[in-house]
Amino acid sequence: MVLVLGVWEAYVDLVSISSLVLPAPHAVLAALYTDRATLWHDLEPTAAEILLGILLAGACALASAVLLHFSGLARRALYPPLVATQAIPIPILAPLLVTWLGFGLLPKLIVIGLVCFFPIVVTTMSGLAAVDPDLVKLMRTLGAGRAQTFWRVEFPSALPGVFAGAKLAAVLAVIAVVLAEQAGSSSGLGYLLTVTVANLEMAEAFATVLVLVAFAIMLFTLLGVAERRAMPWIHERGNTQAR
Amino acid sequence: MISLEGVSHSFAVRRGGARLEVLSEVSLQVAGAETVAVVGPSGCGKTTLLELICGLQQPDTGTVRCAPAALMPQRDLLLPWLSALDNASLALRVRGVGRHGARAAARPWFERLGLDGFERARPHELSGGMRQRVAFLRTLLSGRPVLALDEPFASLDAITRAEMQRWLAHALEEERRTVVLVTHDVEEAVLLADRVLMLSPRPGRLIADVQVALPRPRVRTDAAVVALRASTLATLGVNA
Ligand SMILES: Nc1ncnc2c1ncn2[C@@H]1O[C@H](COP(=O)(O)OP(=O)(O)O)[C@@H](O)[C@H]1O
Ligand SMILES: [Mg+2]
């Protein structure tokens with residue numbers, strides 16, 4: 001990391017490339033400092049969109065995964081349209097949503113939701129499919145019905161899949177929010193990116209990207225912490241065995 | 001308690017293809033409070049027989065009539081996210097007993113089974129023998145009249161296994177239930193059971209039904225136990 005930054009700094013200083021092509025790291029850091037008020041101000045709506053979008057996508061994805069897991073009919077009927085939602089090119093869809101729904105929160109939530117929904121569905125379903133069938137049999141002989149077996153065995157077994165999907169979604173949401181904001185908005189880091197690039201303020205644009213990346217890393221890390229909190233048994237086992 | 005009449009069972013091995021015949025024309029009766037051991041070589045259909053008894057499979061032909069049975073599976077299958085106490089009382093929770101009630105019902109057993117102090121331990125913190133005891137307790141607390149135990153001690157080392165066999169004999173004497181104990185260990189069968197049923201290699205059919213009329217507690221070095229073990233092995237085609 002330090003090496004890359006050093007080479008980058010040396011390269012820009014020595015070869016003296018135009019800052020329009022590649023701003024030097026020190027210029028990016030300077031922009032990060034001087035523009036801190038703007039960056040902070042624009043982080044707020046973007047962060048809200050990302051968090052709301054992931055929550056929305058997560059809730060729908062969990063419900064869908066459970067439905068698809070338990071109903072072969074739903075699986076056959078709904079999988080193709082679900083795959084289709086994932087294949088829609090977001091750069092085409094985002095401006096259309098803005099035309100239909102305006103500059104508000106809704107079009108951003110739809111874009112983030114569309115991008116984040118599918119990964120969570122897929123990883124949750126593979127988590128549910130990997131549940132030990134002998135555990136399900138055991139629950140039956142203890143008198144458990146479908147719902148009991150689901151809540152006591154299948155859902156906790158599938159949690160690693162849920163978290164894997166959520167971590168993927170967190171990173172994808174950051175990409176999605178930029179596309180959504182660039183298609184039409186009057187605030188947010190994606191908007192800031194559009195403006196700075198249009199004004200050829202490359203150091204400022206890079207500083208904006210830096211904030212987005214930092215936010216993505218923070219989300220990912222927080223999810224990791226939540227994962228260990230929610231599934232202490234996996235963490236503990238890791239500590240007592242091989243690792 | 002348990003009655004099987006001419007039960008045969010097979011599994012589809014390939015889609016549309018041949019079927020693997022696992023059990024063939026098995027008939028047996030088990031009376032209430034009787035402990036019956038089922039021995040036979042690996043793959044002869046012992047687990048399948050227990051699943052039929054527990055109603056987890058339907059036989060191809062024949063009839064299975066049985067009081068409600070709880071299964072203690074071959075692997076302990078404790079839930080890693082629950083404490084030992086919550087694993088043991090799982091069946092009570094399933095039946096709608098509240099968390100506190102279920103724990104209170106299971107707690108006295110921990111002392112009786114030599115597990116006191118480990119109520120809050122997670123399964124991975126328990127030794128193999130302790131895990132088997134928790135799994136047995138979970139089966140016992142299901143309140144079902146029939147216990148179907150599938151090779152409960154097969155995965156343990158010889159010393160722990162001997163200890164657990166003594167322990168199970170004791171536990172069953174205190175808490176009389178109808179027990180079907182599957183094992184491939186003939187000695188275990190002779191030590192624990194009132195009756196030993198022997199299955200042939202696959203497809204499993206009943207080849208012998210031996211009463212074990214020995215007084216309890218039984219000791220593995222006792223001449224009568226050794227003799228019965230040898231004759232049972234001979235019936236199964238093994239030279240002891
Ligand atoms: N669900 C299944 N599908 C196909 N074959 C099975 C299934 N369950 C068991 N078998 C086969 O049936 C035979 C008997 O299995 P099992 O009852 O587990 O034997 P045992 O417990 O005596 O070792 C084995 O050959 C096994 O591979
Ligand atoms: Mg078996």
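These numbers were taken from a predicted model, which means no experiment stands behind them. To find a chain, count down the sequence lines: A is the first, B the second, and so on, and within it residues start at 1.
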* Taking all non-hydrogen atoms of both residues into account, name the closest pair between A:M125 and A:R75 and its distance. => CE-CD, 4.0 Å

* To do: Between chain A and each of B:A91, B:P68, B:S142, count heavy-atom pairs under 4.5 Å; write down the option with the most.
  => B:A91

* **Side chain, backbone, both or neither of A:S157 within contact of chain B (heavy atoms, under 4.5 Å)** => both

* Pick from B:Q74, B:R93, B:R95 with the largest number of heavy-atom pairs that fall under 4.5 Å of chain A -> B:R93

* Asked: At a heavy-atom separation under 4.5 Å, does B:E51 approach chain A through its side chain, its backbone, both, or neither?
  -> side chain

* Asked: Would you say B:T183's side chain and B:E151's backbone share a donor-acceptor pair under 3.5 angstrom?
  -> no

* Asked: So what's closer than 4.5 Å to chain A heavy atoms on B:L79: side chain, backbone, both or neither?
  -> side chain

* Structure fact -> The reported gap from CG in B:L28 to CG in B:D209 (rounded to nearest 0.5 angstrom) is 8.0 Å

* Gap separating the CZ atom of A:F150 from the NE2 atom of A:H69, nearest 0.5 angstrom -> 8.0 Å

* Asked: What distance separates A:H41 NE2 from A:T46 OG1, expressed to the nearest 0.5 Å?
  -> 10.5 Å

* Quick one: what part of B:A70 sits under 4.5 Å from any heavy atom of chain A, side chain, backbone, both or neither? -> both

* To do: Check whether A:L138 gets within reach of chain B through its side chain, its backbone, both or neither, counting any heavy atom under 4.5 Å.
  => side chain

* Asked: Is a side-chain donor-acceptor pair under 3.5 Å present for B:S10 with B:D60?
  -> yes

* By a 4.5 Å heavy-atom criterion (distance strictly below it), what part of B:R75 contacts chain A: side chain, backbone, both, or neither? -> side chain

